[in-house]
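Below: the structure, in structure tokens.
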Amino acid sequence: MTELRIDNPSAAETEDLAEHQRMVRRAKWLKIYHGSLLPLLSGIAGLLLWELAVWGFALPQYLLPAPMQVFETMIDRWPVLMSHLWYTVVASSVGFVIALVLGIVVGAAIATSRSIDRVLYPWLVIAHAIPKVVVAPLLLVWIGFGLKSGIIFVVVFTFFPIVVSTVTGLKSAEPDLLQLVKSMRANRWQTMWKIRIPTALPHVFSGIKIAATGAPVGAVIGEFVASNRGLGYALIQAVGSLDTPYAFASVIIISVFGVTIWYLAELVEKLSIPWHASQR
Amino acid sequence: MLDTASFVDVKSVEKTYFTPSGVVHALGPISFSFDRGQTVGIVGPSGCGKSTMLKVLAGLEDRTRGEITVQSRNVNGPLDDVGVVFQKDLLLDWRTVLENVLLPAELRGRVDEKIRTRARNLLEELGVSGFENNQPWELSGGMRQRVSIARALLLKPSMLFLDEPFSALDALTRDKMNVIVQRLQMHEEVTTFFITHSIAEAVFLSDRVIVMSDRPGRIIDDIEVGIPKPRTLSVREEPEFIDITRRIRIHFEKAGVL
């Protein structure tokens, strides 16, 4: 921040300067107040209220544990929770990477060939319309218990946003721009690399962000049904034995994992397309 | 031998679109020719097929009937050395200003120090020097359009096609662009074919103005503009200039498009 300064100020200017400095200080304070202080206070107040409510109304632990109880459980059973987390992370990331590759390939095929588009389109619409949760029990039948089921369920969960965004992205180059590079005698390959793909990237990234947050959700639902490991399994197990603090601990860890993935995707996006309007 | 024939020869060219909902006769038949180094302006009502004509002439779209020759060569597919500027500047956001100007050279694998110098000189002539390493979005609309003109001229094309290049600019910027483009066109000696909605702009920049009818576009007048170049903006107040703009306006009034 640069200091406000006037050389050889007159009396009136000195007064102005003091006033301006006051205004700048006020603006700085408001920035901190709105930017971090208020949200932080709100969070702390909420937790405090929750803690007090549990003790005040003498709620049993299996109904609603207090934040401190959840925290204690998390510390006590940290190694177990981490091993479940690891399983969920593996299922999510392997599934997500498969969906990413598959989604971009299928999306590119649809975007470049009208016939492929017409052939695949009805199937995609139908597949997408089926509530994905109902696929989970079927996967148990088809593939069985374990990691493979989980991975496939993540693929099912994250594939569609990537396909759709890739198709939209690759088709969104302006016709006049395509004619312009045609006038520069660009071949198909150059048009793809220098025009279509950069144009597509911002769209693909919005699909990737949706898919990235969907991946842990998919993994957890998969673990509800067809797994004896992972945070989804931990959650089911905890609820089944009315171990609510453990259930809360699992949910918190799942959420932190989801938020981490989201910020990772945002980071990659920021590094890949710094030129896009959303990143400026 | 080439010098005796016209530089561009258009013979009974027509364009018809066949769509599921029917046949749209967009253009022609149209015939005209013009010489190397000339600036030809096209004016006509919206939707009269001016843009279609430009694209057909540049080989970007196929014609349905007729023949086009440029330098006595039959046009089939995109012409080899043309520059095109559209109403939108169509700069690529992921490239700097200089990288945008260099695009045509890059597509032909011809980026070297010589072409970089050429790009910088063009930018300077167009009054955008000092912005080479900026991103396009940091520039105003008028400056962006100048960058796209530099890009079109980079490889010294023998023909420049401008499709309503200044329609999106404010009146003052537009005047300024007219002066800049005139200077550049004379300096680069590039045969220029441009489309505009503005009668004054057409007369100011052109050696010849072609007036088109409503769709399907046909030529209803073809006017030589004898005012010597370079012209200053005040030439628009001269009787000779006004005579021509009136003549064009009367065509439009008769056609009921004004």
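First the proteins, then the strands, lettered A, B, ... as listed; each starts at 1. Everything numeric here is computed off the predicted structure, so don't read it as measured data.
Nearest heavy-atom pair across A/Pro198 and B/Trp94 is CB-CE2, 3.2 Å. Contact detail for A/Gln190 and B/Glu106: the closest heavy-atom pair is NE2-O, 4.4 Å. Heavy-atom minimum distance, B/Val82 versus A/Ser183: CG2-O, 4.1 Å. What you find for A/Gln179 and B/Phe86 is that their closest heavy atoms are CB-CZ, 4.3 Å. Between A/Ala186 and B/Leu107 the shortest heavy-atom distance is CB-CD1, 3.8 Å.
Within the 4.5 Å cutoff, the side chain of A/Met184 has heavy atoms near those of the B/Leu103 side chain. Using a 4.5 Å heavy-atom cutoff, the side chains of A/Lys194 and B/Arg95 are in contact.
For A/Thr191, no part sits under 4.5 Å from any heavy atom of chain B, backbone or side chain. Only the backbone of B/Leu79 comes within contact range of chain A, with at least one heavy atom under 4.5 Å from a heavy atom of that chain. For A/Leu201, no part lies near chain B; criterion is any non-hydrogen pair under 4.5 Å. Proximity to chain A (any heavy atom under 4.5 Å) is shown, for B/Asp80, by both the backbone and the side chain.
Within a 6.0 Å radius of CZ in A/Arg118, more than 12 heavy atoms belonging to other residues, nucleotides or ligands are found. In the displayed structure, B/Trp137 atom CH2 is contacted under 6.0 Å by more than 12 heavy atoms of other residues, nucleotides or ligands. With a 6.0 Å radius and a threshold of 12 heavy atoms from other residues, nucleotides or ligands, B/Asp62 has its CG atom at or below the threshold. Heavy atoms of other residues, nucleotides or ligands lying less than 6.0 angstrom from NZ of B/Lys55 number more than 12. Residue-environment remark: CD (B/Glu124) stays at or below the threshold of 12 foreign heavy atoms within 6.0 Å. Summarising the local packing, CZ of B/Arg110 is surrounded by 12 or fewer heavy atoms from other residues, nucleotides or ligands at distances under 6.0 Å. More than 12 heavy atoms of other residues, nucleotides or ligands sit less than 6.0 Å from atom OH of B/Tyr17.
By the 4.0 Å N-to-carboxylate-O rule, B/Asp81 lies too far from A/Arg185 to be salt-bridged with it.
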- Task: Would you please test A/Leu180 and B/Arg151 for side chain to side chain contact (heavy atoms under 4.5 Å, CB included) and show each step?
- Result: CA-CA 11 Å; A/Leu180 183 75; B/Arg151 176 178 61 189; 3.2 Å; yes

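When atom types are taken as modelled, the side chain of A/Lys182 and the backbone of B/Pro78 share no donor-acceptor pair closer than 3.5 angstrom.
Each of B/Leu92, B/Asp93, B/Thr96 was evaluated against A/Trp275; a single residue qualifies, B/Asp93, per the side chain to side chain contact (heavy atoms under 4.5 Å, CB included) test.
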